[in-house]
Amino acid sequence: MPTLEQLKQEICDIGKRLYQRGFAAANDGNITYRVSDNEVLCTPTMHSKGFLKPEDICLIDIQGNQLAGAKKRSSEALLHLEIMKARSDVRSVVHCHPPYATAFAVAREAVPSCVLPEVEVFLGNVPIARYETPSTQAFAETILPFVHQSNVVMLANHGTVSFGETVERAYWWTEILDAHCRILLLAKQIGRVEFLSPQHTRELIDLKKKWGYADPRQDSAYADADLFADDVFRASWAECGVHAGAFGAPAWSRAAAQCNQKPSAGPLPSFDEEAFIERVAQRVAQKLQASMSHDASH
Ligand SMILES: [Zn+2]
């Protein structure tokens with residue numbers, strides 16, 4: 001079991017990685033680490049995650065009351081504590097604003113699956129939680145519908161939160177998600193996103209099971225599912241304002257019918273040819289008249 005000092009150092013190290021990758025501008029982001037049933041280490045408010053020292057880390061209880069530390073705890077601690085209360089296996093939570101994943105959360109675009117093998121194995125489908133004002137209890141509770149089915153949740157118009165049994169693990173999911181979102185956006189700029197076949201996607205979900213990573217799609221209810229269209233979190237999309245389709249859909253999925261249509265050009269602006277000819281004729285007549293009267297005056 002690492003000492004309290006070692007755990008504080010781990011938080012500082014991950015804070016540096018977050019900051020260096022541009023996942024937390026200025027003083028954004030926060031990290032927690034549960035050290036006992038009722039004690040949690042927490043990063044301080046108004047402090048860059050890139051320059052934390054072990055003595056900056058606060059100690060709070062599971063209700064968010066500060067127990068120790070010279071600096072005030074992060075105002076987002078409530079979000080972290082809700083996750084810890086819901087998941088006894090979670091010891092660390094990382095919240096930040098990684099730009100590519102946050103772009104999806106702002107666009108409220110569901111992250112398409114069946115694209116990259118490692119992403120399928122480590123992340124699977126990723127939910128987007130509905131928007132609430134940060135640092136409130138209502139905001140903290142937005143993630144509750146998803147915490148048992150994913151280790152990373154995107155926060156609508158805000159950022160991401162990921163969690164695990166160590167701070168490094170908690171951070172992993174954020175880094176994988178942001179890299180995935182970045183690749184998707186780059187591929188779309190080139191022109192298109194090609195998808196894995198349902199067979200290959202199924203093999204990855206089976207591999208995931210073999211490696212000990214849980215995924216709701218391993219459930220027998222998903223045995224005959226359309227692995228693209230039957231996103232695990234689709235039922236939450238309407239409430240959270242989430243859409244899908246910016247990246248198209250694999251031809252084998254029933255989602256292809258809606259997503260792969262070429263954007264329609266829309267109706268042509270109406271053009272009244274008669275009125276146009278009338279206006280031109282009037283102009284010509286006016287010009288002729290003007291030049292004739294000009295000639296006559298000389
Ligand atoms: Zn935030």
Side-chain angles (χ1 to χ4, degrees), residues 11-34 40-52 56-58 60 63-64 66 69 71-87 90 92-109 111 123 126-147 150-164 167-182 236 240-242:
I11 292 177
C12 299
D13 294 345
I14 292 295
K16 197 176 281 174
R17 277 164 74 178
L18 271 188
Y19 184 74
Q20 283 173 347
R21 288 199 69 95
F23 289 1
N27 300 327
D28 287 353
N30 25 78
I31 305 169
T32 50
Y33 211 130
R34 171 154 50 186
V40 177
L41 293 171
C42 180
T43 50
T45 189
M46 296 303 285
H47 200 298
S48 169
K49 300 303 136 334
F51 303 91
L52 285 169
D56 297 324
I57 310 296
C58 322
I60 59 174
Q63 304 309 325
Q66 187 141 351
K71 294 183 175 169
K72 193 168 172 275
R73 60 107 165 134
S74 162
S75 60
E76 291 308 20
L78 298 178
L79 170 72
H80 297 236
L81 298 172
E82 280 306 312
I83 295 166
M84 289 178 183
K85 284 185 230 168
R87 289 264 305 262
V90 166
S92 182
V93 179
V94 172
H95 161 62
C96 56
H97 310 152
Y100 296 96
T102 304
F104 276 75
V106 167
R108 311 242 182 133
E109 179 69 29
V111 178
L123 294 186
V126 179
I128 301 181
R130 69 187 160 80
Y131 181 81
E132 280 292 343
T133 303
S135 81
T136 61
Q137 183 60 29
F139 165 69
E141 289 172 8
T142 58
I143 44 78
L144 288 177
F146 312 111
V147 283
S150 183
N151 290 322
V152 55
V153 179
M154 299 160 88
L155 310 168
N157 291 61
H158 186 158
T160 61
V161 63
S162 58
F163 27 98
V167 69
E168 171 134 31
R169 283 253 173 164
Y171 169 73
W172 273 7
W173 317 126
T174 294
E175 193 168 301
I176 295 168
L177 174 64
D178 198 62
H180 181 41
C181 291
R182 186 179 184 192
S236 69
C240 303
V242 176

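Just so we're clear, the structure is a prediction, and the values are computed from it rather than from any experiment. Counting starts at 1 for both ligands and their atoms, in listed order.
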Report the residues that fulfil ring pair (Phe, Tyr, Trp, His ring centres under 6.0 Å) with Y131, sequence neighbours left out, ordered by chain and then residue number. none

Side chains of residues 154-164: which donor-acceptor partners sit under 3.5 Å, not counting sequence neighbours?
| from | atom 1 | to | atom 2 | distance (Å) |
| --- | --- | --- | --- | --- |
| N157 | OD1 | R108 | NE | 2.8 |
| N157 | OD1 | R108 | NH2 | 2.9 |
| H158 | NE2 | H95 | NE2 | 3.2 |
| H158 | NE2 | H97 | NE2 | 3.2 |
| S162 | OG | A170 | O | 2.4 |
| S162 | OG | T174 | OG1 | 2.6 |

Measure from the side-chain N and O atoms of K49 to the backbone N and O of G29, and report whether any donor-acceptor pair falls under 3.5 Å. yes

Quick one: does any side-chain atom of S135 pair with a main-chain N or O of E76 as donor and acceptor, under 3.5 Å? no

Would you indicate whether R87, at its atom CZ, is surrounded by more than 12 heavy atoms from other residues, nucleotides or ligands within a distance under 6.0 Å? yes

For residues 13-24, which side-chain donor-acceptor pairs fall under 3.5 Å, sequence neighbours excluded?
| from | atom 1 | to | atom 2 | distance (Å) |
| --- | --- | --- | --- | --- |
| D13 | OD1 | Q9 | NE2 | 3.0 |
| R17 | NH1 | E168 | OE2 | 3.1 |

Distances under 2.8 Å only: what protein N/O/S atoms are near the Zn ion (ligand 1), ordered by chain and residue? H95 NE2, H97 NE2, H158 NE2

